[in-house]
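Chain naming here is simple, since letters A, B, ... match the order of the sequence lines and numbering starts at 1 in each. Only this structure's heavy atoms are used, side chains among them; waters, hydrogens and symmetry mates stay out.
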2 protein chains.
Amino acid sequence: MKFQDFIDKVKLAQSKGELISFFCKCAITYSGRAESYLDFGDRLIIIKQDKTLLIHQPDGGMPINYLKAPASAEFILDETQEKPFILLEGRSGADEIDCEITKVYDLYSRKLIDGLKQDLAGSEAEMSDYIRDHPEIISKDFIPLSREEHTKYGFIDVFGHTGDGTLLIIECKRYTAGLSGVTQLRRYVEKMKSLKGIKAVTGVIAAPAITSNAMEMLKDWKLDFIRVDPPKRFVRKNKRQKKIESFF
Amino acid sequence: MKFQDFIDKVKLAQSKGELISFFCKCAITYSGRAESYLDFGDRLIIIKQDKTLLIHQPDGGMPINYLKAPASAEFILDETQEKPFILLEGRSGADEIDCEITKVYDLYSRKLIDGLKQDLAGSEAEMSDYIRDHPEIISKDFIPLSREEHTKYGFIDVFGHTGDGTLLIIECKRYTAGLSGVTQLRRYVEKMKSLKGIKAVTGVIAAPAITSNAMEMLKDWKLDFIRVDPPKRFVRKNKRQKKIESFF
DNA sequence: ATATAGATCTCGTCA
DNA sequence: TGACGAGGTCTATAT
């Protein structure tokens, strides 16, 4: 594709508020929170409708370069060498990407209509909901008082007390709990002890598993681990359907 | 685009090892580590050459759904309703996406040649390199012994001692240090004290800034903060070039 | 494989 | 706006 065609297509697509996607050969210099250089290769570049910029290599899940919305772009021509490139700039001007493009293979754009948000289940928030609604999985006499609460002690997943009046802080982890989860819990317990002047405060890690180092630290600090599996909400679709085609 | 055309194009592209990108209208059900549902809307779907799957909405930086490489796909036809959809499955079978597609607007594919890796500067590792090579920014008598070392005390960014023999652990943060950075440092210092039986162990947060809560906690634990800016390696390109075109 | 921690993290949320 | 923590985090590295 000729460079002028490319410019014309991008401008037209932009004016219509379309998402733009193109394959090209380019070299990329990024300067902002970090700095990077990537020499010439084929990449997929996407400019979303909110002017998010994504640059993807042919493999891997993460973009190799990106700019948060809204990014701006302008074409620049190096006066001496006549190398065209695109200068992309982040909103604040703190981030910028020089994308030197030597070939544009294809450019496709379309206005995508989609204002929907995903309904996600299985988060840590739902796990703390579940514990609040099933306090018996923590202990027979556990009485939850609050959940997902931002306190001056920190963001506490579940908070309550046991029959003998001991305050109990629960830190939920959806996966194997590690050292950082234990230090986080310990911080909450300590802070509540010192600020309330109460000694009868304890903490529990609620997670499906815990690493051995974390378990050791937990014991050192007289904290507890209770195995809790994160709840699931949706049921999988019936897989017994007629197969049409199968590939890769 | 007709459904059979879509299947044929995907199969052909797959056989040639191409990256596939298409706009479509679809509804997505995900089940795996979490579960989600997203009703019908227009999206950009990318199948990379290593069979990474990415599904993007028209706005936002993150894919709304994805599968890590290598994902597999097959077309399914619901027997009663004759709704075609694609069943995408993660490698282990633990993750799966049902993508019910009612329209395919465009499909583009190309073999992208790019085996290069990005040269990235400004990481925390480079910051610890810098401190090791410029120990005077910590103190006049600081002598670094190791850097980025995985020890039984933890992963310590920079470790050394001062003139009077006090052991010093440095935790680097590229941006404003927060509570978690302080608890992390505190954990290393405590562990080294207890395992070595030495009291003369102290810790330093090296970062461009620190939050007030973190600073308070740091003082409580007799730890220190030293302002250090992360080093930069690349110089920005000269921006004074001739402008060709500018858009959005 | 598991554990640990960084990331141009991103994203939401609350004070 | 800054601070704080979760994330289907992902990715790299060491044990």
Under a 4.5 Å cut-off applied to non-hydrogen side-chain atoms, are [X] and [Y] in contact?
X: A:K117; Y: B:Q57; answer: no
X: B:I45; Y: B:L53; answer: yes
X: A:L168; Y: A:F142; answer: yes

*Please measure how far the P atom in C:dT4 lies from the corresponding atom in C:dT8, and state the result in whole Å.*
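One P to the other, the span is 23 Å.
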*Using the P atom on both, measure D:dC4 against D:dG8 and round to a whole Å.*
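Going atom to atom, P in each nucleotide, I get 23 Å.
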*Hey, is CZ on A:F225 packed in by over 12 heavy atoms from elsewhere, all under 6.0 Å?*
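Check passes, neighbour count above 12.
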*Electrostatic pair A:R147-A:D129, nearest N-O below 4.0 angstrom*: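 A salt bridge links A:R147 with A:D129.
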*How does protein contact run along nucleotides 4-14 of chain C, one letter per nucleotide 5' to 3', with B for base contact, S for sugar-phosphate only, - for none, heavy atoms under 4.0 Å?*
SSSSBSSS--S
*Taking all non-hydrogen atoms of both residues into account, name the closest pair between A:P58 and B:L19 and its distance.*
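Here A:P58 and B:L19 meet closest at CA-CD1, 3.9 Å.
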*Output the distance between atom CG (B:D157) and atom OH (B:Y188), rounded to the nearest 0.5 Å.*
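If I round to the nearest 0.5 Å, the distance is 7.0 Å.
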*Calculate, to the nearest 0.5 Å, the distance between atoms CG and CG belonging to A:L44 and B:L112 respectively.*
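CG of B:L112 is found 7.0 Å from CG of A:L44.
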_chain A contact limits on DNA chain D, taken 5' to 3' with a cut-off of 4.0 angstrom to heavy atoms_ =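 Span of nucleotides near chain A: D:dG5 to D:dT11.
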